[in-house]
Undergrad: 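Can you keep this structure in mind? I'll have questions shortly.
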2 protein chains.
Amino acid sequence: MTTTVPTLDLTADPVELTAALVDVPSVSGDEAMLADALEHALRTQAPHLEVVRSGAAVLARTHLGRARRVLLAGHTDTVPIADNVPSRREGDLLYGCGTSDMKSGDAVFAHLAATLTEPRHDLTLVFYDCEEIEATRNGLGRIERELPDWLRADLAILGEPTGGAVEAGCQGTLRVEIRTQGRRAHSARSWLGDNAVHHAADVLARLNAYTARDVDIDGCVYREGLQAVRIAGGVAGNVVPDECVVTVNFRFAPDRDAEAAQAHVREVFDGYDLTVTDLSPGALPGLAAPAAREFLAATGTTAQAKYGWTDVSRFAALGIPAINYGPGDPNLAHTREEHVDTRAITGCTDVLWRFLA
Amino acid sequence: MTTTVPTLDLTADPVELTAALVDVPSVSGDEAMLADALEHALRTQAPHLEVVRSGAAVLARTHLGRARRVLLAGHTDTVPIADNVPSRREGDLLYGCGTSDMKSGDAVFAHLAATLTEPRHDLTLVFYDCEEIEATRNGLGRIERELPDWLRADLAILGEPTGGAVEAGCQGTLRVEIRTQGRRAHSARSWLGDNAVHHAADVLARLNAYTARDVDIDGCVYREGLQAVRIAGGVAGNVVPDECVVTVNFRFAPDRDAEAAQAHVREVFDGYDLTVTDLSPGALPGLAAPAAREFLAATGTTAQAKYGWTDVSRFAALGIPAINYGPGDPNLAHTREEHVDTRAITGCTDVLWRFLA
């Protein structure tokens, strides 16, 4: 079997390049063809860059001896296609799987990498795989383990969909299972049992009574939240249940570290059996860093807090200020009708050009 | 293929007959071979009886012109076998699928039918299929539709496991789904949503606050119960759920009819969206009927309320006093270690002999 590597024109309008990237399907775990195309395009159209390959990730960088290095990172994978590939254009909107999350960001970065041969800061490009699935497979995590020096930078910009806003840092996320116990019995003789679902009333009451914090850090307001995302209990239609599990998701501001977040949730549900099933620390906005200030000035706007958890926290953990900034619309990510406003693509390209040229 | 009909000796000790019935597997829907065996045995060993066949049910009756008719009914099906067929004897205990629920009752009835050729009351025997599964397939329901005159009687005794106690009437059962609604949102921006699981706190609080009635009817105390038997809500680990369903089972005393039971539950959960998924009326004990009093006298004991729902309610609906009375242990029904105390088989046989001889 001969596979032809799709051709990508990195010097084309980033709107066209976004469409071209969308038209090469790259559902998580299946990004090899798109990585081949990006690698080939960078090697042939951007000879000023050092290019390496790591699995289905492609990395490229300048060596201009600048005082600072800016890293532009974007994942190339998408959630499963939902009848929305290939892309199609409707006026100013470009529809298709990955248009917002986040091939438009990738397109902007790849275009700048190829066309800005003499940037003011040294540049590192990271196009990585498997962001949309379990954290253990995340391509950025693999690069951190295998090619750590490639992640050195003074500022990291992640092209996640922010609708062109600067979203700084990110909140952490903690998931716990709270288990109530009881004793099974036939529901016709319920007094012989002890209903674990009834016991969950208090767990839910505590959630209802909870007041979430708003935390201001570097002018970004992080709004926390404590929510039941799942509840499950029941054995059969005629049995008093002996167990009920409430899964609670705590989204926490980056002034709490992972330990503090856990301690807080344990305090809220004091007296209950808690199991932590997922814990990802947040990331402080890091807007005091000179490169971050300079980037913000180029955008002519102020930063907002990022609520969702993103890979910026990996950079924060490495001590690198990291920002989410991309043309995609976060509300359209993962939807069947996913699209991007092409004017946002052009706008982001202009801002980054201003910052880097 | 030639199938040999298993031989059953109806005149043997009912303990031996129980073992023989257990050794012919008859999981619900698969009772034909056992029905063949019972039919053959009744036709050859009880020529004083009129015998008919209805699907996998076998019916038999006397025509002695007695003032009263007593109906003895037992289902022949069992729940799925769990490595517990054939039967095995351990001292006074007989182990095996259906030993308690309710082939020991069937054995007592079949033995009396064959050996009591001149009973004091006319006798009707009903060995029916598909009691352990969905009500629409219940063999007794089919007989009621197709052979209604076979169910005429002054007293019906169901051989359901009661451990030799007289359990009168039965409670009704109502199952409702209570649905709370909300609005989905990403859990990182939970204030954009409305958590349906949190709303279920009030449903559970009402269950916790509920005080169930104890109702005395004919000296039988029916103890009601209102229990969540299931709760389910949740979309994904990062989504504020927009729906939560609490399934509640109300076991109600037979002084409430189906309508009244429903109205009561609607009142308890006033303001909520309720869906009735299952509703079976209870049965009044009917102990004032002469035949019931006479039977009670033969047992030398008093009646207790039956908590679980049984087919006695079908007889109650036909205006026939109906009693649960069988040697099986209700706590062992449907268990892997199901067994019956052989002394209870002998005891029940003696009581019924005293009543009917």
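Note on naming: letters A, B, ... go to the chains in the order of the sequence lines (proteins, then strands), and numbering restarts at 1 for each one.
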Undergrad: With chain B as the partner chain, list the residues of residues 186-202 of chain A whose heavy atoms fall under 4.5 Å from it, by residue number, and write 'none' if nothing qualifies.
TA: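 Result: A/His186, A/Ser187, A/Ala188, A/Arg189, A/Ser190, A/Trp191, A/Asn195, A/Val197, A/His198, A/Ala200, A/Ala201.
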Undergrad: So for A/Arg251, is it side chain, backbone, both, or neither that comes closer than 4.5 Å to the heavy atoms of chain B?
TA: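 Interface part for A/Arg251: side chain.
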Undergrad: Name the member of A/Ala228, A/Ala212, A/Gly225 that forms the most heavy-atom pairs with chain B at distances under 4.5 Å.
TA: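 With the most close heavy-atom pairs to chain B, the winner is A/Ala228.
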Undergrad: Output the option from B/Asp278, B/Thr277, B/Asn331, B/Ile231 having the highest count of non-hydrogen pairs under 4.5 Å with chain A.
TA: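 The residue among B/Asp278, B/Thr277, B/Asn331, B/Ile231 with the greatest pair count is B/Ile231.
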Undergrad: Verify the neighbour count for atom CZ of B/Arg336: are there more than 12 heavy atoms of other residues, nucleotides or ligands below 6.0 Å?
TA: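 It does not: B/Arg336 CZ has 12 such atoms or fewer within range.
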Undergrad: So among B/Val240, B/Val239, B/Asn238, which one has a side chain to side chain contact (heavy atoms under 4.5 Å, CB included) with A/Gln227?
TA: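 Output: one option passes, namely B/Val240.
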Undergrad: Within residues 264-275 of chain A, which positions have a heavy-atom distance to chain B below 4.5 Å?
TA: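 Against chain B, none of the residues of residues 264-275 of chain A fall inside the cut-off of heavy atoms under 4.5 Å.
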Undergrad: Return the option, out of B/Ala236, B/Gly233, B/Ala205, B/Ala232, with the maximum number of heavy-atom pairs under 4.5 Å with chain A.
TA: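 It is B/Gly233.
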Undergrad: Which residues in residues 241-248 of chain B have a heavy atom less than 4.5 Å from any heavy atom of chain A?
TA: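 Interface residues of residues 241-248 of chain B: B/Pro241, B/Cys244.
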Undergrad: Within the supplied structure, the quantity of interest is the number of heavy atoms (other residues, nucleotides, ligands) at a distance under 6.0 Å from B/Arg175 CZ; does it exceed 12?
TA: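 Yes, the 6.0 Å shell around CZ holds more than 12 heavy atoms from other groups.
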Undergrad: Between chain B and each of A/Val203, A/Asn249, A/Leu204, count heavy-atom pairs under 4.5 Å; write down the option with the most.
TA: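 Heavy-atom pairs under 4.5 Å are most numerous for A/Leu204.
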Undergrad: For chain A, find which of B/Leu226, B/Val235, B/Asn208 contributes the most heavy-atom pairs closer than 4.5 angstrom.
TA: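 Going by pairs under 4.5 Å, I would pick B/Asn208.
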Undergrad: Residues of residues 166-174 of chain A under 4.5 Å from chain B (heavy atom pairs)?
TA: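 Residues A/Glu167, A/Gln171 are the ones that qualify, each having a heavy atom under 4.5 Å from chain B.
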